[in-house]
J.: 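Sharing a structure, written as structure tokens. Questions coming.
Just so it is clear, the values below take in all heavy atoms, side chains as well, and ignore hydrogens, waters and symmetry mates. Lettering follows sequence order; numbering is per chain, from 1.
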Amino acid sequence: MSNLFIPMTVLLCASMIVAGLMSIWSKRSLPIVMLSSGLVSLLASVQYLLLAAPDVAMTEAAIGSGLTTFLFFFVLSRVRGGANG
Amino acid sequence: MAYIAMATGFILILIGLFGALTNRNILRMIVAFTVADTGVNMVIVAIGYMHGRTAPILDVAVSAAEAAARIIDPVPQALVLTAIVIGVGVTALMLAYTYKLYEKKRTLDIAQFTELKW
Amino acid sequence: MGELLDVVGGLLMVAGSGFLLLGALGLVRMPDLYNRIQAATKATTLGTLLTLLGVAFIRPEWALKLLLIGIFLLFTNPLSSQVLARAAHRSGLVRLPAGQVDRLAEDTGEKS
Amino acid sequence: MVKSFSVLVLLLGIGAMFAALLLGYVPDSELNQTARYYADKTASETGAANIVAAIVVTYRGLDTLGEVTVLFLSAAIVGLVLASGHQQGKMRHAQPPSGELLVIGVRLLVPLILLLGVYVFINGHLTPGGGFQGGAILASAMLLLLLGDPLRTFSHKLIAIVESISGLVFVGMGILGIFYAGGFLDNRVLPLGTLGEVFSAGAIPIIYSFVGLKVGAEFSSMLANLSGTEEL
Amino acid sequence: MAEFLINLAASLTGVAFLAALWRFFRGPTPADRVLAFDVLTIVSIAGIVFGALVEGRFIYLDVALVYGLLSFLGVIVVARYLERGL
């Protein structure tokens, strides 16, 4: 039954690469860029679990989804005027 | 599986470096840095993975006697655990400096900060 | 007996992932944001709960923690979608098609 | 144009190095010597079921001490940077109130999240999780309070007191290890107990709990300092 | 039989994942992308439970617990940003 993990890994890794490319695409608006980096962190957390590292997966889930996204969007809302400059 | 994850980690490092070197907006550079950070962590975790083994936590599924034959390498996981937490601290520091820089010059374009340029 | 429980659990998991698929399909096919929110949130919540129930049938000794996960999902999932719908309405991101009336804006005096 | 071209050349070079690393990588089929030592001896020497927690707290406890110090320094510098040149008296930006459902939900969920954080770091030696994860979950509860009411201010003094006391207890348990057990941060100052129970593994749950409180207080101080800033 | 059913359920979940991902990459407004992000976290919880079932490890469920309680924070953060309330 463990052959289920390889398609899951391929799916997760492909979407991580696409989300990473989206997060440096400089024509996108800044909130979308930040949300994409949050998506990279979310998918990486599931991938850590598949790599048999539940400790690391839990750290990434607790930090990547909430705290990092909040820090980025908070600073973005503070410097809203210069975000496109 | 470890090969795929490791290749993804390397590609994420390259993507992050490309973004950090070519973008001019400071916030975009910081986002690219976090992507590269995730890539580095993924490479280290993938190095520790061994095929057909399970997580280094003992319970009813893995007893202490057969641990050496059934678990994967725990040391990379301990390293990455602290690296993620430090990464958030560094990101918060960079964002605080971004706020102060914007307060001084009212711009986020890295080309406008020329005081140390020669 | 164990075989039967396994098959029932597998059927429940298939039903749950079918609901997940329906929710994601609604996310793709629905015309505007509010329709997508109501399609995606309800169907995916039910789908995940059914999946958890199926796993609880296959592994009865895990049932307590699966129940906790289900309760947390029931708390957090509607909250996030309500906050999102409210934010979308307030920020005026979604334009209603011509001829439709925004009752919420009439009631609260907020602009759509 | 030249700049972009040189960046591409640099990345191609690094990519070639990475490709060489990837093609030359042969996965181990056996644990190496260090990992084998940890796998064999952790259960009998430290009594912890989670080998990663045993490595983080006991075998490489000094690294954890340095890591917590780095985190403390970065939180302190965030506070210092944001506090300098802070002008008082500017009106805060008029923010729309958060909805009623969000306020009620915050009131319901914050105790649950705090409880989950405490569960995660008290069970750190048995299940995945531990001080760092638990601290991040505690800070997430603070974040949820901040989202429910953007004008809420946190008590900096309380955060500082929690942070200093947990740091002192962490170092104090380490020094106790010098006198009553094998060395600095040795966990055998308390009885090891039986593998798999909550009160086992010597001092690991206590040290990990205080690490969790310290990490949570540091993240909370970062959040409190950032939320005190004004929109520019 | 049960194994076949679990594999079928996992493939259906994978298709749901792909559909939500398409909406994330395509979505016309930021709110659409946030909604797709929310659906992706929920699908990820189902994926984590599948992983725990396949590996047979009870402890993996703790990660799903943290996900279930904390994953909505990102959505609320972005929603409050969109209504300028942060």
J.: Below 4.5 Å, heavy-atom pairs only: which of B:Leu81, B:Leu95, B:Asp59, B:Ile47 has the largest tally toward chain D?
T.: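 Option with the greatest count: B:Leu81.
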J.: Against chain B, label D:Phe18 side chain, backbone, both or neither, depending on which of its atoms sit under 4.5 Å from a heavy atom there.
T.: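 Interface part for D:Phe18: both.
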J.: Which answer fits B:Thr22, side chain, backbone, both or neither, if we ask what part of it has an atom under 4.5 Å from a heavy atom of chain D?
T.: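 Interface part for B:Thr22: side chain.
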J.: Using every non-hydrogen atom in the two residues, find where D:Val81 and B:Ala96 come nearest and quote the distance to one decimal.
T.: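 Result for this residue pair: CG1-O, 4.0 Å.
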J.: Take B:Lys104 and B:Glu115 through the test salt bridge (charged side-chain N to carboxylate O under 4.0 Å, His left out) and record every step on the way to the result.
T.: CA-CA 13 Å; B:Lys104 274 274 185 280; B:Glu115 281 84 0; over 6 Å; no
J.: Between D:Ser6 and D:Lys3, is there a donor-acceptor pair closer than 3.5 Å when you use the side chain of the first and the backbone of the second?
T.: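 The answer is yes, because a donor-acceptor pair under 3.5 Å joins these two groups.
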J.: Hey, does the side chain of B:Asn25 reach the backbone of B:Asp109 with a donor-acceptor pair shorter than 3.5 angstrom?
T.: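 Answer holds: no.
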J.: Let me see the working for D:Phe132 and D:Phe121 under side chain to side chain contact (heavy atoms under 4.5 Å, CB included), right down to the final yes or no.
T.: CA-CA 8 Å; D:Phe132 299 111; D:Phe121 62 64; over 6 Å; no
J.: For residues D:Ile159 and D:Ser221, report the shortest heavy-atom separation together with the two atoms involved.
T.: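 That closest heavy-atom pairing would be CG2-CB, 3.8 Å.
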J.: Given a strict heavy-atom distance threshold of 4.5 Å, which part of D:Val7 is in contact with chain B: side chain, backbone, both, or neither?
T.: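 Just its side chain gets close to chain B.
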J.: Relative to chain B, which segment of D:Asn225 carries a heavy atom at a distance below 4.5 Å: side chain, backbone, both, or neither?
T.: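 Contact with chain B: none, neither part.
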J.: Quick one: closest heavy-atom pair of D:Ala217 and D:Val162, and the distance?
T.: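 Looking at all heavy atoms of both residues, the closest pair is CB-CG1, 4.3 Å.
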J.: Is chain B contacted by the side chain of D:Asn50, its backbone, both, or neither, given a heavy-atom distance below 4.5 Å?
T.: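 Both backbone and side chain.
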J.: Looking at B:Ile71, B:Leu21, B:Thr82, which has the largest count of heavy-atom pairs under 4.5 Å with chain D?
T.: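 With the most close heavy-atom pairs to chain D, the winner is B:Thr82.
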J.: Start with the C-alpha distance between B:Leu108 and B:Arg28, add both sets of side-chain angles, then the distance that settles side chain to side chain contact (heavy atoms under 4.5 Å, CB included), and finish with yes or no.
T.: CA-CA 10 Å; B:Leu108 284 178; B:Arg28 284 180 197 273; over 6 Å; no
J.: Applying side chain to side chain contact (heavy atoms under 4.5 Å, CB included) between D:Tyr208 and each of D:Asn123, D:Val57, D:Thr64, report the one that passes.
T.: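 The single option meeting the side chain to side chain contact (heavy atoms under 4.5 Å, CB included) with D:Tyr208 is D:Val57.
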J.: Taking the six-membered ring of D:Phe170 as reference, does the cationic atom of D:Lys214 (NZ for Lys, CZ for Arg) lie under 6.0 Å from its centre and within 45° of its axis?
T.: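 No, cation not above the ring by the 6.0 Å, 45° rule.
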J.: So, B:Asp37 side chain and B:Gly87 main chain: donor-acceptor pair closer than 3.5 Å or not?
T.: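 Between the backbone of B:Gly87 and the side chain of B:Asp37 there is no qualifying donor-acceptor contact (under 3.5 Å).
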J.: Sub-4.5 Å heavy-atom contacts with chain D: which residues of residues 6-17 of chain B show up?
T.: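 At a heavy-atom separation under 4.5 Å, chain D is reached by B:Met6, B:Ala7, B:Phe10, B:Ile13, B:Leu14, B:Leu17.
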J.: Give, as side chain, backbone, both or neither, the part of B:Ala20 having an atom under 4.5 angstrom from any heavy atom of chain D.
T.: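 Neither part, no heavy atoms under 4.5 Å.
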J.: Heavy-atom count check: over 12 atoms from other residues, nucleotides or ligands less than 6.0 Å from B:Tyr99 OH?
T.: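 Atom OH in B:Tyr99 is packed in, count exceeds 12.
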J.: Picking from D:Glu67, D:Gln133, D:Arg36, which has the most non-hydrogen pairs under 4.5 angstrom with chain B?
T.: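 It is D:Glu67.
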J.: Heavy-atom distances under 4.5 Å only: say whether D:Leu226 touches chain B with side chain, backbone, both or neither.
T.: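 For D:Leu226, there is no contact with chain B at all, as no heavy atom is under 4.5 Å.
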J.: Below 4.5 Å from any heavy atom of chain B, which atoms of D:Phe219 appear? Answer side chain, backbone, both or neither.
T.: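 For D:Phe219, the contact with chain B is made by the side chain alone.
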J.: Could you tell me which portion of D:Leu73 (side chain, backbone, both or neither) has an atom closer than 4.5 angstrom to a non-hydrogen atom of chain B?
T.: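 Neither part, no heavy atoms under 4.5 Å.
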J.: Tell me, side chain or backbone of B:Arg70 under 4.5 Å from chain D's heavy atoms, or both, or neither?
T.: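 Answer is neither: B:Arg70 stays 4.5 Å or more from chain D.
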J.: Go through D:Leu22, D:Ile14, D:Val70, D:Leu71 and name the one with the most non-hydrogen pairs under 4.5 angstrom from chain B.
T.: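 It is D:Leu22.
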J.: Counting only heavy atoms closer than 4.5 Å, note whether B:Asp73 contacts chain D via side chain, backbone, both or neither.
T.: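 Contact with chain D involves both backbone and side-chain atoms of B:Asp73.
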J.: Do any N or O atoms from the side chain of B:Tyr3 and from the backbone of D:Tyr25 form a donor-acceptor pair under 3.5 angstrom?
T.: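 Yes, the answer is positive, given that a donor and an acceptor are paired below the 3.5 Å cut-off.
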